[in-house]
Structures are given as C-alpha cells and as structure tokens.
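Each ligand, and each atom within it, is numbered from 1 in the order the structure gives.
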Amino acid sequence: MTDPGARPPGGSHAVVLGGSLAGLCAAAALAPHVDRVTLVERDRYPDEPRWRRGVPQARHTHNLLGAGQRSLELLLPGLLGDLRDLGMVEVRMPQDMLLLVAGGWVDRFDSRHTVLSGSRDLLDWAVRRRVRELPAVEFREETEAVGLVAGHGDSVRGVLLRDRDPSARTGWSEPYEREADLVVDATGRGSRAPAWLQSLGHQAPEETVVDAGCAYATCVFEPPPGHTADWKCVLLQSTPEEPRSGILNPIENDRWMVSVAGLGGERPPLDHAGFVDFAKRLRSTVLYDAIRDAKPLGEVYGSGRTENRRRHYERLTRWPDRFLVLGDAVGAFNPAYGQGISVAGMSALVLRRALERAGTRGTGRIPAGLTGPLRKGIARCVDAAWMLSGNADLAYPGAADGPLPLAARLGKRYTDRLLKVATTDRTVATALFDMTHLLAPPQVVLRPRVLASVLRGPRTATPASTSPPTAAPASASPPTAPSPGPAAGARLPEERP
Ligand SMILES: Cc1cc2nc3c(=O)[nH]c(=O)nc-3n(C[C@H](O)[C@H](O)[C@H](O)COP(=O)(O)OP(=O)(O)OC[C@H]3O[C@@H](n4cnc5c(N)ncnc54)[C@H](O)[C@@H]3O)c2cc1C
C-alpha cells in the first residue's frame, strides 16, 4: 500500500526518521534545500517541555558544548537567544565551575568557552518549536518506521511506516510505503538500520564498542534556602583509580539537576539517601556539601545504555543510494563527555553543506550519488568525539579487549600529563577546552606551545590543591592571555572554506 498524496508533484521529498535532536537537526538542514521534509516520530510530542518515552535520557543532565551551540544556531538562527530567554543557564568554563579533572582542580579563568545548561525537555521543546516554523517540514507523530523500500539498482526509494492505531490488535496499522528521494535514519541507539540494510541484500556495518560500565543516576533539587556561591556548576570527573563522577548543573527555574555515575560496574543507588551518600564518596565532597541540605524535587532516575558504540557505515563498500544514517544511530558516546548533541548538529551541517554543493535548492530533485560520500563526512564528526570518549574510556578496567595498544598507552600518558598541566596553565587549559568542546581537532593539544608546556610538566612543585579554587585565584601560571584558540570566533570544520 502506498500513502496517497505523500509527495508534492514534481517536488523533492526527504523523510527523516526519529524526531529527537539528531532528526530535528537533519530536518532543519534539509528544509531550505528540498520541497518537503517529513519528520517521522514514534511518540506523540508533549505540548509542554515534558519527558517522553522515546528520549529516556532526558531525565539526566545535558550540557550543550561549544560545537553544539554553534551548530544549532547555524541550523536554526535565533535558537540560542530562545534558550537563554527560556531560562537555560550559560556557564563560563571554567570560570563559573568547580572543575576537578584527573590532574586536579582547574584554575578558574575566562577561557571564552561556555556550556549551556538546562533540562533536556526544555531544549528539545525549544528546538522543536523552531523546526515547526519551517514551512517545508511536516511532522508525522505516532508513526513508526519499520523498514526501507528498495529502489532501482542500489538505492532506496522510500520507507515503510505504520501509524499508531489503538483499535488494531498490535496497536499499529498495517505498514504502508512512503516514497522519498532521501531517507535519513536518526532513530538513535536502537536504530534498526543494520537489519534494514541486510533485508535489502546489503551487509550490516562493523561495530566498535568501548564500554567503561558507566551507570548514571540523576535527581533534581531545589537549592537550600539562602544558598549563595561563586560557582554555578560542579563537575567532578572520574579516574580509573577513583571511578565515580558527579555533576551539578543549574537548570531553568532555579533548580539543580545532579547526576552521579559509577564506572566499571559500580551502580549509584536509586533512593534519595543512597544517592546523597554516593555523592559523599566522589573525589571531593563539594557536591555532597551542596546537596545534603537541598530539597529533592522528584525521584532518582537511573540510566540505560551508556557505552561508546559506533557503527562504521563509512566502511561498507556497497551502499544504497538515497539513504543516510546520523546521530546516535551512527555514534553514541559515554554521556559523561556531553558530546552527542554536538555531533548530531555537526553531522546535520555536513548534510546541509552537501546539499548546498549539489545545488538542490529550487530544482525539485535530489541528485543521485549524494549519500555514499556523505557517510565519510558524518564519520569524521563521530571521529572527533570518539578520539576523546572512546579512547579515554579504554583506560577503565574491562573496557578494552585485552591490553591497551601502544598508541593508546602513549596517548594516555600524554593526556594524564596534559590534565595536570591544564590545572594551572591557561593556554593548555584553553586548548583542552577547544578540543573537548569539539571546536578544534584533537591535534590542538599538540600545538608547539601546548606540547612544550605539557612536556615540561606542571609549573608548581606542590601537588594540585585539594580544595576547589575560588573565582579569582592567584594563579600559579603567569597571566598569559587565553590561547588564541577558536573559542571566540569558533568555526566548525563544516564552516571552513
Ligand atoms: C544519560 C545520558 C546523558 C547524556 N548527556 C548528554 C549531554 O550532556 N550532552 C550531549 O550533547 N549529549 C548527551 N547525551 C546524548 C544525547 O542524549 C543524544 O546524543 C541526543 O539525544 C541525540 O540523539 P538522537 O537524536 O540521535 O537519538 P535519540 O535522542 O535517542 O532519539 C531517537 C528518536 O527516534 C525516535 N524513534 C526511535 N525509533 C523510531 C522508529 N522506528 N520510528 C520513528 N521514530 C523512532 C525516538 O522516539 C526518539 O525520538 C546523553 C545521553 C545519555 C544516555
């Protein structure tokens, strides 16, 4: 059965599967370049910023890194202003943070980097609101994608969908075809694309998995009455020796969203007393001190899957034209690094750039041969994040199959030293943030000035301070200007000529 009236006559039509952030970004990238975009989402969206089943991770802290802010604003101009107006909090990193990395507490200074902090429900709602304003985009809620429709040769000519139907025995209608010139799968970690490819006679992609055994628990708090502090956010990172981390994020309506995590098999408790007690056993008690008298505003929620997992679609030699996969469906990361949304945004920009180059706007068609090469561009976005999360997590017991390869061991030794030097050296710290915000390639931490400082080692003979620094520390570094890294006039790789 084919869905009647599914395509504008003579116009180009793209279908995006999955309406969370990767799907919304893809729809925003496609909208100026095709006549119609259909965004297919299994859930019914809540009218307000509220949790929904299809994005279970929305109960946990979400930070929008530099690359995520930049790419979302490029895709949906005005969005960052919306987010601030809606109460999301801009946190200058590390000036407004108590930041404990493996090498110690990081001095607080203006690196020009910020993270945007708020509830994930609010972020999704605000992005959705902007995408709904795009005339080319049609939302199709309570509709599930169940397969691809093969076209001529090695290509896809549509997708198999079914609609929620409470009167049907399965709760769903019979599947029907929806034709499209391009199908984009953004259905997240649970994507069925490997099986769909196999059903069309293609191979499933190879997978790489690095699992540090990270288990999250999150609770929202009202700060204690009269609370004042010179920080907005607390971030206590784990180490393989002390595999527990914690983050306190400010979110809209003067609340804190607090997540704690155990790695290597330790699971934080899901009751309030146990949660607070777990916070006491982090690498510092500052987070515990902040929340012990704070009022919990809801339950403690645990998280599901957090392993780093990438599917190497770019390695497949045969690929069905007019089909693309992006977002968590291609690369999903340990959430402790906060990268997923940024990679989704960057991947959507790669798609937009390809459409611009192909000159599709106003032509009523999407040319053949676009998606095969695009897989590599999307894989490069995943690479940038994987270099951090996938590689760093290899150091946790059980994450790697067998002993660490030499390159990984050397990389870890350099990173360990870098994280010590970055606690007091602002140029090194800024380069570190350029990299972790995905605004510069990982090689930024090998630039001559950074390399020299790291090889020289920490400037102070004394070990890193055991108590967190205040906002205007007497820095052990000379008052160098922040590195001329890309933080201020940041340009993502996709924007560079
Ligand atoms: C605990 C946790 C914390 C995180 N914290 C951060 C953070 O701080 N910063 C950050 O950048 N990232 C973070 N992430 C990652 C981030 O949540 C994802 O990268 C982001 O949601 C983009 O994912 P996505 O859109 O590809 O997939 P998802 O968000 O998983 O969405 C998939 C969508 O597809 C829909 N869907 C699924 N199957 C079908 C189907 N067959 N048909 C139709 N619709 C379907 C679902 O309903 C859903 O809407 C975190 C992740 C976790 C688990």
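- Residues Arg84 and Glu90 are paired through a salt bridge, judged by an N-O separation under 4.0 Å between the basic side chain and the carboxylate.
- Applying the 4.0 Å criterion to heavy atoms of Arg120 picks out, from ligand 1, the atoms 16 (C), 17 (O), 20 (C), 21 (O), 29 (O).
- Scanning Gly18, Ala145, Ser117 for the heavy atom closest to atom 42 (N) of ligand 1 points to Ala145.
- Remark: ligand 1 and Arg42 share an N or O pair separated by less than 3.5 Å (distance only, no angle test).
- The pair Arg162-Glu144 meets the salt-bridge criterion, with a side-chain N (NZ, NE, NH1 or NH2) lying under 4.0 Å from an Asp/Glu carboxylate O.
- Counting the atoms of ligand 1 from 1 in the order shown, those under 4.0 Å from a heavy atom of Thr143 are 43 (C).
- For atom 8 (O) of ligand 1, the nearest protein heavy atom (residue, atom name, distance) is Asn63 N, 2.7 Å.
- In this structure, Arg70 does not pair ionically with Glu73, as no charged nitrogen and carboxylate oxygen lie closer than 4.0 Å.
- Summary of contacts: the protein heavy atom closest to atom 27 (O) of ligand 1 is Gly188 CA, 3.4 Å.
- Taking 4.0 Å as the cut-off between side-chain N and carboxylate O, Arg310 and Asp383 count as a salt-bridged pair.
- The closest approach between Leu21 and ligand 1 falls below 4.0 Å for a heavy atom of the residue.
- The aromatic rings of Phe139 and Tyr45 stand perpendicular to each other, their planes meeting at an angle above 60°, with 30° marking the opposite boundary.
- Within ligand 1, the atoms closer than 4.0 Å to a non-hydrogen atom of Ala22 are 24 (P), 25 (O), 26 (O), numbered from 1 in the order shown.
- When only non-hydrogen protein atoms are considered, atom 2 (C) of ligand 1 lies nearest to Pro335 CB, 3.3 Å.
- A salt bridge links Glu266 with Arg244; the closest basic N to acidic carboxylate O contact falls under 4.0 Å.
- Protein heavy atom at the shortest distance from atom 47 (O) of ligand 1 is Glu41 OE2, 2.6 Å.
- Ranking protein heavy atoms by distance to atom 45 (C) of ligand 1, first place goes to Thr187 CG2, 3.7 Å.
- Of all atoms in ligand 1, numbered sequentially from 1 with element shown, those under 4.0 Å from a heavy atom of Ile341 are 10 (C), 11 (O), 12 (N), 19 (O).
- Panel note: side chain Ser199, backbone Trp196; a donor-acceptor pair is recorded below 3.5 Å.
- Between Glu307 and Arg189 there is a salt bridge, with a side-chain nitrogen of the basic residue lying less than 4.0 Å from a carboxylate oxygen of the acidic one.
- A salt bridge links Arg36 with Glu138: the distance from a Lys NZ or Arg NE/NH1/NH2 to an Asp or Glu carboxylate oxygen falls below 4.0 Å.
- Annotation: Leu326 places no N or O atom under 3.5 Å from an N or O atom of ligand 1; distance criterion only.
- Counting only heavy atoms of the protein, atom 5 (N) of ligand 1 lies nearest to Thr61 O, 3.3 Å.
- The protein heavy atom nearest to atom 53 (C) of ligand 1 is Gln57 CB, 3.3 Å.
- On a distance-only criterion, Ser20 and ligand 1 share at least one N/O pair closer than 3.5 Å.
- No cation-pi contact links Arg375 to Tyr313, judged by a cut-off of 6.0 Å to the six-membered ring centre and 45° from its axis.
- Ligand-side atoms of ligand 1 in range of Gly340: 10 (C), 11 (O), 12 (N), 19 (O), range being under 4.0 angstrom from any heavy atom.
- Near His60, with a cut-off below 4.0 Å to any heavy atom, the atoms of ligand 1 are 1 (C).
- In summary, Glu177 and Arg157 engage in a salt bridge, as defined by a charged side-chain N under 4.0 Å from a carboxylate O.
- Regarding atom 26 (O) of ligand 1, its nearest protein heavy-atom neighbour is Asp328 N, 2.8 Å.
- In summary, Glu141 and Arg132 engage in a salt bridge, as defined by a charged side-chain N under 4.0 Å from a carboxylate O.
- Salt bridge present: Glu206 and Arg315 bring a charged side-chain N and a carboxylate O closer than 4.0 Å.
- Atom numbering of ligand 1 starts at 1 in the shown order; those under 4.0 Å from a heavy atom of Gly327 are 26 (O).
- The contact set between ligand 1 and Glu144, taken as ligand atoms under 4.0 Å from a residue heavy atom, comprises 40 (C), 41 (N), 42 (N).
- Residue nearest to atom 13 (C) of ligand 1, selected from Arg305, His62, Arg52: His62 (by heavy-atom distance).
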